[in-house]
**Q** 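Input: one structure, supplied below.
Side chains included, hydrogens not; waters and symmetry mates left out as well; all remaining heavy atoms used. Naming: A, B, ... by sequence-line order, numbering from 1 per chain.
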Amino acid sequence: MADKITPKEVDYSQWYIDIVLNAKLADYSPVKGSMVIRPRGYAIWERIRDEFDRRFKETGHQNAYFPLLIPMSFLEKEAEHVEGFAPELAVVTHGGGEKLEEPYCIRPTSETIIWSKYKDWIQSWRDLPLLINQWANVLRWEKRTRLFLRTSEFLWQEGHTAHETREEAEEETLRMLEVYRDVVERHLCIPVVTGIKSESEKFAGAVQTYCIEAMMQDRKALQAGTSHFLGQNFAKAFDVKFQTRAGNLDYVWATSWGVSTRLVGAVIMTHSDDKGLVLPPSIAPEEVVFVPIYKNDTKAAVLAYANKISVELKAAGVRVIVDSDDSSSPGWKFAEWEMRGTPLRIEIGPRDMQAEKLVLVRRDSGEKKFVPVAEAVSAVKAALADIQTSLYEKAKAFRLEHTQDVTDLPGLLEFFGAEGMGTADAHGGFARALWCGSAACEADLKAKTKATLRCMPLGDQEGIEGVCAICGAPAKHRALFARNY
RNA sequence: CGGGACGUAGCCUAGGGGCUAAGGCGUCUGCUUUGGGAGCAGAAGAUCGGCGGUUCGAAUCCGCCCGUCCCGACCA
């Protein structure tokens with residue numbers, strides 16, 4: 001019974017699946033590639049969502065909702081866009097028992113339906129900027145799926161903005177990238193690298209794609225969010241012109257940006273251990289669980305005592321639950337709440353009542369601490385704050401430990417364990433290397449090592465002197481290479 | 001979409017042509033317990049993934065299909 005979770009070292013994929021299922025975050029659905037998000041998984045998503053939503057509104061965006069079904073012809077208006085998404089589309093051909101004149105596709109993303117309306121809504125520079133976000137589900141027919149990380153249907157947010165000038169749109173792209181970085185690092189405690197995607201990795205239809213990339217505990221990279229500068233591509237495709245301040249007609253400049261329920265997978269993979277889920281307090285459904293310990297004759301007193309302290313904590317703004325379920329033993333509950341990822345456990349029994357103390361046990365470190373009841377609120381708050389920062393620090397240290405400068409192809413092959421490719425996970429992590437800018441080099445490295453160019457990190461492009469680590473031609477960029485999800 | 005593994009109760013596993021499909025965990029009832037996954041007694045729970053075939057007889061053999069996982073291919 002004790003080994004519900006396959007150890008990480010034995011089988012990382014299975015470990016991840018075991019956590020998702022045992023912590024009751026999600027379940028498989030009858031339809032291949034789609035998943036059921038269970039209440040506990042959804043609660044985490046709600047907390048992530050609410051924080052982003054608050055930030056979007058702070059930066060001037062409004063929520064709206066565009067429909068699920070999109071006429072096929074819309075997708076076809078932007079050549080690169082349709083080419084990028086065509087293989088993943090689900091298409092509705094029948095409705096009301098009859099074949100439709102024009103098939104609809106289920107949105108893989110909403111640029112096209114949104115821009116078809118922006119054409120009507122934007123006439124003048126006075127209508128700009130137009131800053132809209134939507135929370136929605138999207139569908140992309142995926143061949144190989146993984147709970148949270150890649151499912152055919154997933155939940156996300158997509159921001160779609162229109163601006164007067166190129167500069168304004170570029171600023172918006174970076175502003176939202178920064179919102180992503182800040183929320184993911186501070187609330188999900190996942191350190192990320194911000195960077196620019198290469199031509200072959202960028203969004204179909206974008207001029208430039210910015211991203212936040214994170215390192216999971218198996219040292220693979222996970223793209224955790226993207227922000228695109230769309231230039232005038234969609235404005236031209238949908239003929240969205242506006243009258244400028246100078247009185248001319250010009251196409252508007254656009255951005256789009258999104259994060260998804262994939263972030264839930266990122267949280268799991270970044271922090272959890274062989275006992276189960278580990279959650280940052282800020283997104284945990286409950287920050288503290290009380291496990292009362294009693295016998296029949298002490299039950300009433302212990303429960304009353306635990307309830308009293310839990311009320312104080314709640315009043316101080318801490319999310320608390322008291323596990324007063326009679327049918328399982330304290331030992332069971334300890335293991336169960338550890339599996340579920342609750343950041344802090346408080347054990348209260350007759351002996352603690354007697355001593356006027358509480359036992360605080362941290363989920364992240366397992367550290368046990370006795371604190372006077374009078375200091376309960378401050379001690380709990382301090383512990384939660386410390387968990388929040390140390391999860392981030394620990395993940396950051398891990399990433400640094402597995403990030404290495406590599407200067408040439410033999411070095412890359414060695415770092416990514418090209419010899420043992422296909423069996424063991426013999427990949428090193430993030431390789432920081434110079435790159436000439438050619439897609440051929442990306443393809444070459446991918447063929448040899450399965451590693452791809454994750455991004456060209458922002459703020460790391462100065463003083464590029466030397467040659468491409470793959471082909472030896474003069475380098476133009478500094479890039480991070482890694483195997484990825 | 002190719003290669004591999006698997007599919008028997010909520011979960012894990014046994015049974016590989018022949019009586020009523022077996023066990024552990026969990027669940028329910030009662031009692032008793034509770035400081036790291038307690039104990040006793042009783043009970044419920046299975047169209048053996050689906051369809052078709054071979055056979056007097058199929059969980060078991062054969063074919064097709066579906067699903068899950070792994071490895072590839074593919075993939076903002």
**Q** Hey, do the aromatic rings of A:His160 and A:Phe66 have their centres closer than 6.0 Å?
**A**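 No, the ring of A:His160 stays outside the 6.0 Å limit from the ring of A:Phe66, centre to centre.
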**Q** Between the side chain of A:Arg345 and the main-chain N/O of A:Val288, is any donor-acceptor distance below 3.5 Å?
**A**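 Absent.
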**Q** Anything under 3.5 Å between a protein N or O and an N or O of nucleotides 68-70 of chain B, put it in a table, one pair a line.
**A**
residue	atom	partner	partner atom	Å
B:rU68	OP2	A:Lys32	NZ	3.3
B:rU68	O3'	A:Tyr28	OH	3.4
B:rC69	OP1	A:Tyr28	OH	2.9
B:rC70	OP1	A:Ser13	OG	3.3

**Q** Under 4.0 angstrom, heavy atoms only, what part of the nucleic acid is A:Glu336 near: base, sugar-phosphate, or nothing?
**A**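 If one applies the 4.0 Å heavy-atom cut-off, A:Glu336 turns out to touch a base.
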**Q** Take the protein atom CD of A:Glu142 and the nucleotide atom P of B:rC75, then report the distance between them rounded to whole Å.
**A**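 Rounding to the nearest Å, CD of A:Glu142 and P of B:rC75 are 11 Å apart.
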**Q** Starting the side chain at C-beta, find the nucleotide from B:rA73, B:rC75, B:rG37 nearest to A:Lys143.
**A**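 Of the candidates, B:rA73 comes closest.
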**Q** With a 6.0 Å cut-off on the ring centroids, do A:Phe56 and A:Trp257 count as close?
**A**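 Yes - the distance between ring centres of A:Phe56 and A:Trp257 falls below the 6.0 Å cut-off.
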**Q** What's the gap between B:rG7 and B:rU27 when it is taken at their P atoms, as a whole Å value?
**A**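 After rounding to an integer number of Å, I get 26 Å for this pair.
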**Q** Counting the atoms with a prime plus P, OP1 and OP2 as sugar-phosphate, which does A:Arg262 contact under 4.0 Å by heavy atoms, base, sugar-phosphate, or nothing?
**A**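 A:Arg262: no heavy atom of the nucleic acid under 4.0 Å.
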**Q** Say you pick atom P in B:rA21 and the same atom in B:rU47; how far apart are they, in whole Å?
**A**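 One P to the other, the span is 13 Å.
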**Q** Checking all strands, does A:Pro350 fall into the base, sugar-phosphate, or nothing category for heavy-atom contacts under 4.0 angstrom?
**A**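 Base, at least one base heavy atom under 4.0 Å.
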**Q** Touch check for A:Thr209, heavy atoms < 4.0 angstrom, all strands: base, sugar-phosphate only, or nothing?
**A**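 Nothing: the residue A:Thr209, judged by heavy atoms under 4.0 Å, touches no strand.
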**Q** Test salt bridge (charged side-chain N to carboxylate O under 4.0 Å, His left out) on A:Asp218 and A:Lys8; report intermediate values, then the result.
**A** CA-CA 9 Å; A:Asp218 60 355; A:Lys8 231 182 326 203; over 6 Å; no
**Q** For a quick test of reading the model: is some side-chain N or O of A:Lys295 closer than 4.0 Å to OP1 or OP2 of B:rU34?
**A**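 Yes, A:Lys295 has a side-chain N/O under 4.0 Å of OP1/OP2 on B:rU34.
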**Q** NA contact type, A:Trp156, heavy-atom cut-off 4.0 Å: base, sugar-phosphate, or nothing?
**A**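 A:Trp156: base contact, heavy atoms under 4.0 Å.
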**Q** Heavy atoms from C-beta onward define the side chain here; which of B:rG36, B:rG37, B:rG35 lies closest to that of A:Arg351?
**A**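 Output: B:rG35.
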**Q** Defining pairs by Watson-Crick or G-U wobble geometry with both distances under 3.5 Å, how would you list the stems of RNA chain B with at least three pairs each?
**A**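 As far as RNA chain B goes, consecutive pairing (with distances under 3.5 Å) yields the stems B:1-7 with B:66-72, B:10-13 with B:22-25, B:27-31 with B:39-43, B:49-53 with B:61-65.
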**Q** Measure from NZ or CZ of A:Arg454 to the centre of the six-membered ring of A:Phe430, then state whether that distance is under 6.0 Å and the direction lies within 45° of the axis.
**A**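 Ring-cation test returns no.
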**Q** Please report, rounded to the nearest Å, how far the C1' atom of B:rU34 is from the CZ atom of A:Phe290.
**A**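 Nearest whole value for this atom pair: 18 Å.
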**Q** Could you give the distance separating B:rC1 and B:rU60 at their P atoms, to the nearest angstrom?
**A**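 Those two atoms are separated by 27 Å.
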**Q** Between the base of B:rG36 and the side chain of A:Glu338, is there a donor-acceptor distance below 3.5 Å?
**A**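 When only heavy-atom distances are counted, A:Glu338 does reach the base of B:rG36 through a donor-acceptor pair under 3.5 Å.
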**Q** Considering only B:rU34, B:rG36, B:rG35, which nucleotide approaches the side chain of A:Asn296 most closely?
**A**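 Given the options B:rU34, B:rG36, B:rG35, the side chain of A:Asn296 is closest to B:rU34.
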**Q** Can you tell me if A:Asn137 and A:Trp156 form a side-chain donor-acceptor pair at under 3.5 Å?
**A**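 The criterion, which ignores hydrogens and geometry beyond distance, is not satisfied for A:Trp156 and A:Asn137.
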**Q** Which part of the nucleic acid does A:Val291 contact within heavy-atom distance under 4.0 Å: base, sugar-phosphate only, or nothing?
**A**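 Since no nucleic acid heavy atom lies under 4.0 Å of A:Val291, the category is nothing.
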**Q** Using the C1' atom on both, measure B:rG49 against B:rC69 and round to a whole Å.
**A**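 It comes out at 15 Å once rounded to the nearest Å.
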**Q** Are the aromatic rings of A:Trp435 and A:His477 close, with centres under 6.0 Å apart?
**A**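 Aromatic pair counts; centres sit under 6.0 Å.
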**Q** So that I know where these two stand, are A:His81 and A:Trp115 an aromatic pair - ring centroids less than 6.0 Å apart?
**A**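 Between A:Trp115 and A:His81, which both carry aromatic rings, the centre distance is not below 6.0 Å.
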**Q** How close or far is atom P of B:rG26 from atom CG of A:Asn22, stated in whole angstroms?
**A**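 Rounded to the whole Å, the gap is 15 Å.
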**Q** What is the nucleic acid contact for A:Glu88, judged by heavy atoms within less than 4.0 Å: base, sugar-phosphate only, or nothing?
**A**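 Sugar-phosphate contact only.
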**Q** In whole angstrom, give the distance that lies between atom CE of A:Met339 and atom C1' of B:rC11.
**A**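 After rounding, the gap between these two atoms is 12 Å.
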**Q** Does any part of the side chain of A:Tyr16, heavy atoms only, come nearer than 4.5 Å to the side chain of A:Met269, both counted from C-beta?
**A**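 Side chain of A:Met269 against side chain of A:Tyr16, heavy atoms only: contact under 4.5 Å found.
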**Q** Can you tell me how far P in B:rG53 sits from the matching atom in B:rC40, rounded to whole Å?
**A**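 Between the two P atoms, the distance is 49 Å.
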**Q** Parallel under 30°, tilted from 30 to 60°, perpendicular over 60°: which one fits the rings of A:Phe238 and A:Phe74?
**A**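 Plane angle over 60°, so perpendicular.
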**Q** For RNA chain B, whose closest nucleotide is more 5', that of A:Gly349 or that of A:Arg150?
**A**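 Taking each residue's closest nucleotide, the earlier one in sequence belongs to A:Gly349.
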**Q** Atom CG of A:Asp325 to atom P of B:rG37: distance rounded to whole Å?
**A**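 My rounded result for the distance is 17 Å.
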**Q** Is the charged tip of A:Lys220 near the ring of A:Tyr485: under 6.0 Å from the six-membered ring centre and within 45° of its axis?
**A**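 Ring-cation test returns yes.
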**Q** In whole Å, measure the gap between the P atoms of B:rA43 and B:rC6 for me.
**A**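 My reading of the P atoms in B:rA43 and B:rC6 gives 36 Å.
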**Q** A:Glu142 and A:Ser152: side-chain donor and acceptor closer than 3.5 Å?
**A**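 No, no side-chain donor-acceptor contact under 3.5 Å.
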**Q** Taking the side chain of A:Tyr294 as its heavy atoms from C-beta onward, which of B:rU34, B:rG36, B:rC75 lies nearest to it?
**A**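 Of the options given, the side chain of A:Tyr294 lies nearest B:rU34.
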**Q** Rounded to the nearest Å, what distance is computed from the CD1 atom of residue A:Ile293 to the C1' atom of nucleotide B:rG36?
**A**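 Rounded to the whole Å, the gap is 9 Å.
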**Q** B:rC12 P sits how many Å from A:Leu21 CG, rounded?
**A**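 In whole Å, B:rC12 P and A:Leu21 CG are 10 Å from each other.
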**Q** Taking the six-membered ring for Trp and the full ring for Phe, Tyr or His, determine whether the centres of A:Phe416 and A:Phe481 are under 6.0 Å apart.
**A**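 That pair fails the under 6.0 Å test.
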**Q** Give the rounded distance in Å between these two atoms: CG of A:Asp18 and P of B:rC11.
**A**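 Roughly 14 Å, once rounded to whole Å.
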**Q** Taking the C1' atom of each, how far is B:rA73 from B:rG16, in whole Å?
**A**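 My reading of the C1' atoms in B:rA73 and B:rG16 gives 35 Å.
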**Q** Roughly how far apart, to the nearest Å, are B:rC12 and B:rG52 at atom C1'?
**A**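 Nearest-Å result for B:rC12 against B:rG52 at atom C1': 31 Å.
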**Q** Under 4.0 Å, heavy atoms only, any strand: does A:Gly84 hit a base, just the sugar-phosphate, or nothing?
**A**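 The answer is sugar-phosphate, as A:Gly84 gets under 4.0 Å only of primed atoms, P, OP1 or OP2.
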**Q** Can you check nucleotides 38-43 of chain B for protein contacts, nitrogen or oxygen pairs under 3.5 Å, and list what you find?
**A**
residue	atom	partner	partner atom	Å
B:rA38	OP2	A:Ser329	OG	3.1

**Q** With side-chain contact (heavy atoms from CB on, under 4.5 Å) as the criterion, how do A:His61 and A:Thr161 come out once you've worked through the C-alpha distance, each side chain's angles and the decisive distance to 0.1 Å?
**A** CA-CA 9 Å; A:His61 303 84; A:Thr161 69; 4.1 Å; yes
**Q** Syn or anti for B:rG16, taking syn as within 90° of 0?
**A**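 Judged by the O4'-C1' to base torsion, B:rG16 sits in syn, the angle falling within 90° of 0.
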**Q** Does the side-chain contact (heavy atoms from CB on, under 4.5 Å) test come out yes or no for A:Val193 and A:Arg399, once each step is laid out?
**A** CA-CA 10 Å; A:Val193 175; A:Arg399 190 187 77 199; 3.7 Å; yes
